[in-house]
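So the structure is just underneath, and the comments pick up after that.
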Number of protein chains: 2
Amino acid sequence: MDKELFQKFVAFTTAVHQITSDISKDIKAEALTPLQYKILEYIAVSQPVTLSEISDCMHMSMPNTSRELKKLSEKQLCDKITDPADRRKQGITLSPAGEAMMNEAFQHIAIRFTERIGDLTEEQRKEIERALDLLQEKVFY
Amino acid sequence: MDKELFQKFVAFTTAVHQITSDISKDIKAEALTPLQYKILEYIAVSQPVTLSEISDCMHMSMPNTSRELKKLSEKQLCDKITDPADRRKQGITLSPAGEAMMNEAFQHIAIRFTERIGDLTEEQRKEIERALDLLQEKVFY
DNA sequence: CTCTTTCGTTATCAAATGATAAGTAAAGGA
DNA sequence: TCCTTTACTTATCATTTGATAACGAAAGAG
């Protein structure tokens, strides 16, 4: 019953949400809804992905997932490749245009991130890296 | 241009979003929309708060903020108190019922958090606490 | 070859959220 | 006093997102 630790956890996750939302606020590029952007982000880091996986991880129903993915395909931002081993499944990847868009988005985020930690020493960055590793391994796995 | 650090940052924030969303998935209690829940969460940690502050921090327009807050008031989950020093302003707080609801929500989250870190030693928890403090101070401030 | 299950689609409807225009009331300055 | 700005409200409309029913096509089991 680590009450203090839990409170820090809550405050921390709140701060992470706040900062990432600030940092990527006006990013959601050309003609993308917030949901669509999030889906692209997910595809970008988990490529290749199946529709069911997106549906599970993002807590959305298959029909809605299918609809949004269709829109993304129509915008030429992602590709669907039917799995030859099981033709019901589709491997979804970013298209070259999708990669380009996400790279640009990540670059904007990278710039703001750099501003944020700009005045830290090399030693402090190492510390931060260790902290990130630790938390990701023990808490956010 | 700390590329590796930035990549860890992205992976980390993604993981935090993923885990917090998993952890608080089926929480959004009785007759609350996701937005309304987030607003309550914000009020809970920043009490008392003005409408403009909510509007700013949550990146929503004043009219929409006003509308959602009206709904929350009608549900008796928060109170508005006109600032006697400037009667245009309203200090918004959780009502007793709102406090109760958020406490319950936080307890559910606390339980899942405890499950998550249940098998760690006291020493490891101290480490985690230090890591949270460090990151919050240097990165997510 | 049926039967069932898995993976995905299409269509449709309802609810939540975003955007904008117009208005009120208090505060503050000239 | 009059004018401007700030804080918030009300009303309205468009878009996004969520939920559900019904369907198709491939895979796997018996």
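Just so you know, these numbers come straight off a predicted model, no measurement behind them. Within every chain, numbering begins at 1; the chains are lettered A, B, ... in the order of the sequence lines, protein sequences first and strands thereafter. All values below come from the heavy atoms of this structure, side chains included, with hydrogens, waters and symmetry mates left out.
A close approach under 4.0 Å does not occur between any side-chain nitrogen or oxygen of B:T33 and OP1 or OP2 of C:dA15. Not one side-chain nitrogen or oxygen of B:T50 sits closer than 4.0 Å to the OP1 or OP2 atom of D:dA7.
Picking from C:dC7, C:dT17, C:dT10 the nucleotide with the shortest atom distance to the side chain of A:K70 gives C:dT10. Comparing D:dT17, C:dT9, D:dC8 by their nearest atom to the side chain of B:S52 picks out D:dC8.
B:L72 places a side-chain heavy atom less than 4.5 Å from the side chain of B:Q36. For the pair A:F9 and B:I23, the minimum side-chain heavy-atom distance is below 4.5 Å.
Taking atom CD on B:Q90 and atom P on D:dT6, their separation rounds to 18 Å, with Å as the unit. The interatomic distance linking B:I81 (CD1) with D:dC8 (P) rounds to 13 Å, in whole Å. When rounded to the nearest whole Å, the span between CE of B:M58 and P of C:dT17 equals 10 Å. Rounding to whole angstrom units, CG of residue A:L32 and C1' of D:dT16 are separated by 13 Å. Between A:Q36 atom CD and D:dT17 atom C1' there is a gap of 11 Å when expressed in whole angstrom units. Between the CE atom of B:M62 and the P atom of C:dT17 there is a distance of 18 Å, given to the nearest Å. When rounded to the nearest whole Å, the span between NZ of B:K71 and C1' of D:dT9 equals 14 Å. Distance, A:E68 CD to C:dT10 P: 13 Å, rounded to whole Å.
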- For nucleotides 18-30 of chain C, 5' to 3', base contacts (B), sugar-phosphate-only contacts (S) and non-contacts (-) with protein non-hydrogen atoms under 4.0 Å give BBBB----BS---

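Applying the side chain to side chain donor-acceptor pair (under 3.5 Å) criterion to A:N64, with sequence neighbours excluded, gives A:S61, A:R67.
Counting only residues at least two apart or in different chains, salt bridge (Lys or Arg N to Asp or Glu O under 4.0 Å) contacts with residues 130-141 of chain B comprise A:K8-B:D133, B:E123-B:R130.
The same atom, P, is picked in D:dA22 and in C:dC7; the two are 22 Å apart, to the nearest Å.
No donor-acceptor pair closer than 3.5 Å links the side chain of B:S55 to the backbone N or O of B:L51.
Nucleic acid contact for A:K80: sugar-phosphate only, since backbone atoms but no base atoms lie under 4.0 Å from a heavy atom of the residue.
Note that A:R116 lies in the cation-pi zone of B:Y141, set by a 6.0 Å cut-off to the ring centre and a 45° limit from the axis.
Ring orientation note: the planes of B:F140 and A:F12 are nearly perpendicular, at an angle over 60° on the 30°/60° scale.
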